[in-house]
2 protein chains.
Amino acid sequence: MPTSRTDPLTLEVVELIGTVVARYHEEYEQAAAAHALTGAQARVLGLLALEPTPMRKIADKLKCEPSNVTGIIDRLESRGLVERRPDPADRRVKVAAPTEEGRATARKLRDSLHFAREPLGELTEVERTLLRDLLKRMLGVETA
Amino acid sequence: MPTSRTDPLTLEVVELIGTVVARYHEEYEQAAAAHALTGAQARVLGLLALEPTPMRKIADKLKCEPSNVTGIIDRLESRGLVERRPDPADRRVKVAAPTEEGRATARKLRDSLHFAREPLGELTEVERTLLRDLLKRMLGVETA
DNA sequence: TATTGTTATACTCTATAACTATA
DNA sequence: TATAGTTATAGAGTATAACAATA
């Protein structure tokens with residue numbers, strides 16, 4: 001286990017990452033607001049667009065309590081973007097799934113997230129590959 | 001102006017950045033909670049530890065409405081971590097400043113933010129330099 | 001008994017609008 | 001008149017605890 005680094009270079013990188021995080025969030029909230037969604041609603045809609053998901057599993061992915069998901073899905077459902085479906089295999093379970101309009105909104109939302117796509121255009125392909133591999137190692141992702 | 005890239009490599013980097021953002025936030029909230037602070041309270045306390053700041057300017061930095069800052073500072077003040085000081089130059093202004101305990105808490109908080117410091121230890125100095133420069137170019141920061 | 005989802009409750013953060021005290 | 005800070009209000013996210021339906 002390496003000791004925590006406090007050298008100037010590492011601190012500079014940490015600060016840059018903080019800037020990336022701040023800018024990412026800012027743009028994400030903006031994009032969500034452009035569709036009259038909160039950040040949490042946009043995140044859940046994005047999840048469901050990938051795959052209809054039981055309430056409990058949504059809570060797991062959001063790392064929040066299941067009781068919160070009830071409200072978020074309530075609000076998305078009242079706007080016609082999401083619907084609750086029964087799970088034939090387990091009658092306790094409710095699967096949240098996007099409606100057609102919900103899928104369209106999720107698509108537009110994803111397309112409007114320009115962050116890190118526009119700026120990455122400044123980098124060459126070699127540089128983007130380099131960045132990818134550095135991030136992967138930083139995150140401890142398998143370099144498969 | 002470059003067109004938005006949608007090639008697989010760029011999308012992969014975008015997703016990795018999303019992962020960085022998620023992990024960063026998770027660790028930040030955890031660190032804050034370990035000191036019985038919310039994320040917003042921790043951020044403000046961190047700001048004030050750098051420099052006592054008028055209410056209005058705190059709102060600017062947080063990119064939120066000034067009315068919200070009142071509540072956040074209220075809660076920090078009621079816990080003895082922050083105090084409001086008058087500004088001799090302008091009697092309308094209140095400058096929020098950390099108490100000694102507030103400074104100590106901010107220090108402990110900062111030290112417990114291991115994210116991107118531990119993982120960066122995995123990288124060599126050359127790699128960290130590379131990562132720094134790539135992030136800088138991505139963020140459009142002057143490579144002074 | 002354990003699990004899924006919900007309800008009820010309380011707290012924090014958020015924006016908006018109206019207010020006060022200064023400038 | 002303009003600005004700094006506050007209050008009041010309402011909506012949303014959050015955790016906790018208790019509950020009904022189902023497993």
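Convention: sequence-line order gives letters A, B, ...; per-chain numbering from 1.
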Which is it for B:L37 and B:T105 under the side-chain contact (heavy atoms from CB on, under 4.5 Å) test, yes or no, and what are the steps along the way? CA-CA 10 Å; B:L37 295 170; B:T105 301; 4.1 Å; yes

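- Summary of the strand contacts: A:D90 and B:V93 both lie near DNA chain D, and taking for each the nucleotide with the nearest heavy atom, the more 5' one is attributed to B:V93.
- Residue A:R84 has a polar side-chain atom (N or O) positioned under 4.0 Å from OP1 or OP2 of C:dT6.
- Rounded to whole Å, atom P of D:dG11 lies 15 Å from atom CZ of A:R79.
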Test A:Q41 against A:H35 for side-chain contact (heavy atoms from CB on, under 4.5 Å), laying out the working first. CA-CA 10 Å; A:Q41 288 165 7; A:H35 295 276; over 6 Å; no

Could you list the protein-to-nucleotides 13-17 of chain C atom pairs, N/O on both sides, closer than 3.5 Å?
{"unit_1": "C:dC13", "atom_1": "OP1", "unit_2": "B:T38", "atom_2": "OG1", "d": "2.4"}
{"unit_1": "C:dC13", "atom_1": "OP2", "unit_2": "B:R75", "atom_2": "NE", "d": "2.6"}
{"unit_1": "C:dC13", "atom_1": "OP2", "unit_2": "B:R75", "atom_2": "NH2", "d": "2.5"}
{"unit_1": "C:dA15", "atom_1": "OP2", "unit_2": "B:E65", "atom_2": "N", "d": "2.8"}
{"unit_1": "C:dA15", "atom_1": "OP2", "unit_2": "B:N68", "atom_2": "ND2", "d": "2.5"}
{"unit_1": "C:dA15", "atom_1": "N7", "unit_2": "B:N68", "atom_2": "OD1", "d": "2.9"}
{"unit_1": "C:dT16", "atom_1": "O4", "unit_2": "B:S67", "atom_2": "OG", "d": "2.6"}

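- A donor and an acceptor atom never sit less than 3.5 Å apart when one is taken from the side chain of B:R91 and the other from the base of C:dT22.
- Taking every heavy atom of residues 47-60 of chain A and every atom of DNA chain C, pairs under 4.0 Å involve A:P54, A:M55, A:R56, by number.
- Across every non-hydrogen atom of B:A36 and B:R79, the tightest pair is O-NH1, 2.5 Å.
- Looking at B:I72 and B:V69, their side chains never come closer than 4.5 Å, going by heavy atoms from C-beta outward.
- With hydrogens and angles disregarded, a donor-acceptor distance shorter than 3.5 Å links the side chain of A:R23 to the backbone of B:L139.
- Two residues are said to be in side-chain contact when any heavy atoms from C-beta on lie closer than 4.5 Å; A:L131 and A:L120 meet this criterion.
- When side chains are defined from C-beta on, B:I73 counts as touching B:I58, because their heavy atoms get closer than 4.5 Å.
- In this structure, A:L37 places its CG atom 18 Å from P of D:dG11, rounding to the nearest Å.
- Hydrophobic clustering places A:L113 together with B:M138 (ILVMFWY residues linked when any side-chain heavy atoms are closer than 4.5 Å, directly or through intermediates).
- C:dT6 atom P lies 9 Å from atom CD1 of A:I73, rounded to whole Å.
- Applying the 4.0 Å criterion to OP1 and OP2 of C:dA21, one finds that B:K94 has every side-chain N and O outside that range.
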